[in-house]
**Student:** 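Before I ask anything, here is the structure I am working with.
FYI, side chains are in, hydrogens and waters are out, and symmetry mates aren't considered; it's all heavy atoms of this structure. Since we're looking at a predicted model, the values are computed, not measured.
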Amino acid sequence: MKSVILIPARYASTRYPGKPLALLKGAGGEAKSLIQRSWDCACSVAGADAVYVVTDDDRIRAAAEGFGAKVLMTSSSCRNGTERCAEAVALLPETPEIVVNLQGDAPLTPPWFVEALIESMAADPGTDCATPVLRSNGAHLARLKADRKADRVGGTTAVFGRDNAALYFSKEVLPFTPGDYRAEAETPVFHHVGVYAYTPQALAAYAALAPGQAEELEGLEQLRFLENGMRVRCVEVEARGRDFWELNNPSDIDTIEGIMSREGIA
């Protein structure tokens, strides 16, 4: 296998227990679980040789197998999705060249976001990790700011250098932007899309490292790479007219269902 997509999913989320099994209604009214919609997204990615749901919970395993997914069972000691992916690599029938972590809380992730990561990693085998970033327009930035104003943990923002190497990721809205923007206007804020591509070697190195202060304070697993001097490449992707949002809180269900209804996503 050259590339494999792993969808780490855990039931015991602190902010939203049982989140992978939360139901989302599409444009036609059909309700599918969050984990199934993430699986559907992964299966639509060109260039992926295999897709697996990776979990430690029998409820998620049963639900995933019910809609035809392949499942890898990992230990409950994994502290985040990256650690779960690192453990799952050893369970694969063969070691891939590229491992994609498609976290199960972003059902609106377009397949071309993931394809861009695979292409980026294939073009530069020396990259440890790559992740997509999406430039926010005014409407998207307003949603990010509204979450912070309401003290909700919402989307993550990314700051990166001219060489596209990540400088920092935060649950705060970075960089600081005074004033408001028109709904369709471009802003300097980039929303970090919760998808990663790694080499198996980078995953193994990550799993051997202890979490750092920034990772623990922000609750962002990718900061472990930066705190240990490993390079994370930010790959800018285009929305192509699609709206993007993640399921971080129960209140996000209405937002995501509204987007699926407007965009005709069944």
Side-chain angles (χ1 to χ4, degrees), residues 1 3-16 19-20 35 38 41-42 45 48 50-57 60 71-92 95-106 109 113-114 117-118 120-121 127-133 153 155-158 160 165-171 192-235 246-248:
M1 292 185 293
S3 61
V4 62
I5 298 177
L6 303 179
I7 307 173
R10 66 188 182 113
Y11 193 91
S13 169
T14 303
R15 293 197 311 271
Y16 194 166
K19 181 169 68 169
I35 192 66
S38 299
C41 169
V45 173
V51 179
Y52 294 88
V53 170
V54 184
T55 187
D56 63 350
D57 190 274
I60 295 174
V71 180
L72 297 173
M73 296 297 292
T74 55
S75 69
S76 58
S77 62
C78 298
R79 289 169 288 194
N80 56 48
T82 300
E83 288 191 3
R84 199 171 300 283
C85 287
E87 187 175 311
V89 168
L91 304 176
L92 295 171
T95 303
E97 295 176 13
I98 299 169
V99 180
V100 175
N101 171 353
L102 176 61
Q103 299 192 79
D105 59 4
T109 305
F113 285 15
V114 185
L117 286 191
I118 294 174
S120 175
M121 293 289 288
T127 299
D128 295 317
C129 174
T131 192
V133 293
V153 177
T156 299
T157 57
F160 50 94
L167 300 175
Y168 197 66
F169 299 92
S170 182
K171 288 293 185 182
H192 173 238
V193 180
V195 184
Y196 306 91
Y198 329 87
T199 63
Q201 295 79 11
L203 267 179
Y206 179 99
L209 296 167
Q213 185 180 56
E215 177 187 349
E216 292 184 330
L217 288 171
E218 292 270 10
L220 296 175
E221 63 206 79
Q222 67 271 33
L223 290 174
R224 194 181 308 180
F225 286 108
L226 300 186
E227 288 186 280
N228 288 278
M230 299 174 73
R231 187 175 187 272
V232 177
R233 176 190 292 165
C234 291
V235 179
E246 298 156 337
L247 184 54
N248 292 297

**Student:** How close do A197 and L117 get, heavy atom to heavy atom, and via which atoms?
**Tutor:**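 Of all heavy-atom pairs spanning A197 and L117, the closest is N-CD1, 3.9 Å.
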**Student:** Indicate yes or no: at least one non-hydrogen side-chain atom of D128 is less than 4.5 angstrom from one of Y206.
**Tutor:**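 The answer is no, as the side chains (C-beta and beyond) never meet within the 4.5 Å cut-off.
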**Student:** Roughly how far, to the nearest 0.5 Å, is the CG atom of L223 from the CD atom of E218?
**Tutor:**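 Here the rounded value is 6.0 Å.
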**Student:** Please name the pair of heavy atoms, one in S3 and one in A48, separated by the smallest distance, quoted to 0.1 Å.
**Tutor:**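 Heavy atoms only, the tightest pair is OG-CA, 3.5 Å.
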**Student:** Is a side-chain N or O of Q103 found less than 3.5 angstrom from the main chain of G81, in a donor-acceptor match?
**Tutor:**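 Answer holds: no.
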**Student:** Indicate yes or no: at least one non-hydrogen side-chain atom of V133 is less than 4.5 angstrom from one of F160.
**Tutor:**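 Counting from C-beta outward, V133 and F160 do come under 4.5 Å.
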**Student:** For V51 versus A42, what's the shortest heavy-atom pair and its separation?
**Tutor:**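 What the structure gives for the nearest pair is CG1-CB, 3.6 Å.
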**Student:** Supply the atom-to-atom distance E221 CD to E83 CD, rounded to the nearest 0.5 angstrom.
**Tutor:**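 It is 8.5 Å, given to the nearest 0.5 Å.
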**Student:** Not counting sequence neighbours, which residues clear side-chain hydrogen bond (donor to acceptor under 3.5 Å, both in side chains) with D56? List them please.
**Tutor:**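 D56: no side-chain hydrogen bond (donor to acceptor under 3.5 Å, both in side chains) contacts found.
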**Student:** For a side-chain contact (heavy atoms from CB on, under 4.5 Å) check, start with the C-alpha distance between Y52 and L91, then their side-chain angles and the critical distance, and finish with the verdict.
**Tutor:** CA-CA 11 Å; Y52 294 88; L91 304 176; over 6 Å; no
**Student:** How are the rings of Y198 and Y196 set relative to one another: parallel (under 30°), tilted (30 to 60°) or perpendicular (over 60°)?
**Tutor:**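 Plane angle under 30°, so parallel.
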**Student:** Going by an N to O cut-off under 4.0 Å, is there a salt bridge joining E215 and R79?
**Tutor:**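 Salt bridge between E215 and R79, a charged N being under 4.0 Å from a carboxylate O: no.
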**Student:** Atom CG of L203 and atom CZ of R84: how far apart are they, to the nearest 0.5 Å?
**Tutor:**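 It is 13.5 Å, given to the nearest 0.5 Å.
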**Student:** Under the 3.5 angstrom rule, does the side chain of T156 hit a backbone N or O of K171 as a donor-acceptor pair?
**Tutor:**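 Looks like no, no N/O pair under 3.5 Å.
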**Student:** With rounding to the nearest 0.5 Å, note down the distance linking SG in C234 to NE2 in H192.
**Tutor:**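 So the SG of C234 and the NE2 of H192 are separated by 7.0 Å.
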**Student:** Assess, by modelled atom type and distance only, whether the side chains of T82 and Q222 contain a donor and an acceptor separated by less than 3.5 Å.
**Tutor:**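 Result is no, nothing qualifies.
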**Student:** Using every non-hydrogen atom in the two residues, find where A9 and T55 come nearest and quote the distance to one decimal.
**Tutor:**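 Minimum heavy-atom separation between A9 and T55: O-OG1, 2.7 Å.
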**Student:** To the nearest 0.5 Å, what is the distance between OH on Y11 and CD1 on I35?
**Tutor:**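 It comes to 13.5 Å.
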**Student:** Test side-chain contact (heavy atoms from CB on, under 4.5 Å) on L6 and N101 and set out the steps.
**Tutor:** CA-CA 5 Å; L6 303 179; N101 171 353; 5.8 Å; no
**Student:** Looking at every non-hydrogen atom in both residues, tell me the closest pair between V99 and P200 and how far apart they are.
**Tutor:**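 Closest approach of V99 to P200, heavy atoms only: CG2-CG, 4.3 Å.
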**Student:** With side-chain contact (heavy atoms from CB on, under 4.5 Å) as the criterion, how do N248 and Y16 come out once you've worked through the C-alpha distance, each side chain's angles and the decisive distance to 0.1 Å?
**Tutor:** CA-CA 8 Å; N248 292 297; Y16 194 166; over 6 Å; no
**Student:** Checking S75 now: which residues fulfil side-chain hydrogen bond (donor to acceptor under 3.5 Å, both in side chains) with it, not counting sequence neighbours?
**Tutor:**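 Expected list: S77, E87.
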**Student:** Tell me, please, which residues at least two apart from S38 pass side-chain hydrogen bond (donor to acceptor under 3.5 Å, both in side chains).
**Tutor:**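 Result, side-chain hydrogen bond (donor to acceptor under 3.5 Å, both in side chains) vs S38: none returned.
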**Student:** Using only atom types and a distance under 3.5 Å, with no angle test, would you say the side chain of R233 pairs donor to acceptor with the backbone of T127?
**Tutor:**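 Side chain of R233 to backbone of T127, a donor-acceptor pair under 3.5 Å: no, none is there.
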**Student:** Using the side-chain contact (heavy atoms from CB on, under 4.5 Å) rule, take V71 and I60 through it: C-alpha gap first, then chi angles, then the decisive distance, then the call.
**Tutor:** CA-CA 9 Å; V71 180; I60 295 174; over 6 Å; no
**Student:** Of all heavy-atom pairs between I98 and I118, which one has the smallest distance, and what is that distance?
**Tutor:**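 Minimum heavy-atom contact is CD1-O, 3.9 Å.
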**Student:** Once rounded to the nearest 0.5 Å, what's the spacing between atom CG of L226 and atom CG of L167?
**Tutor:**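 Result: 8.0 Å between the selected atoms.
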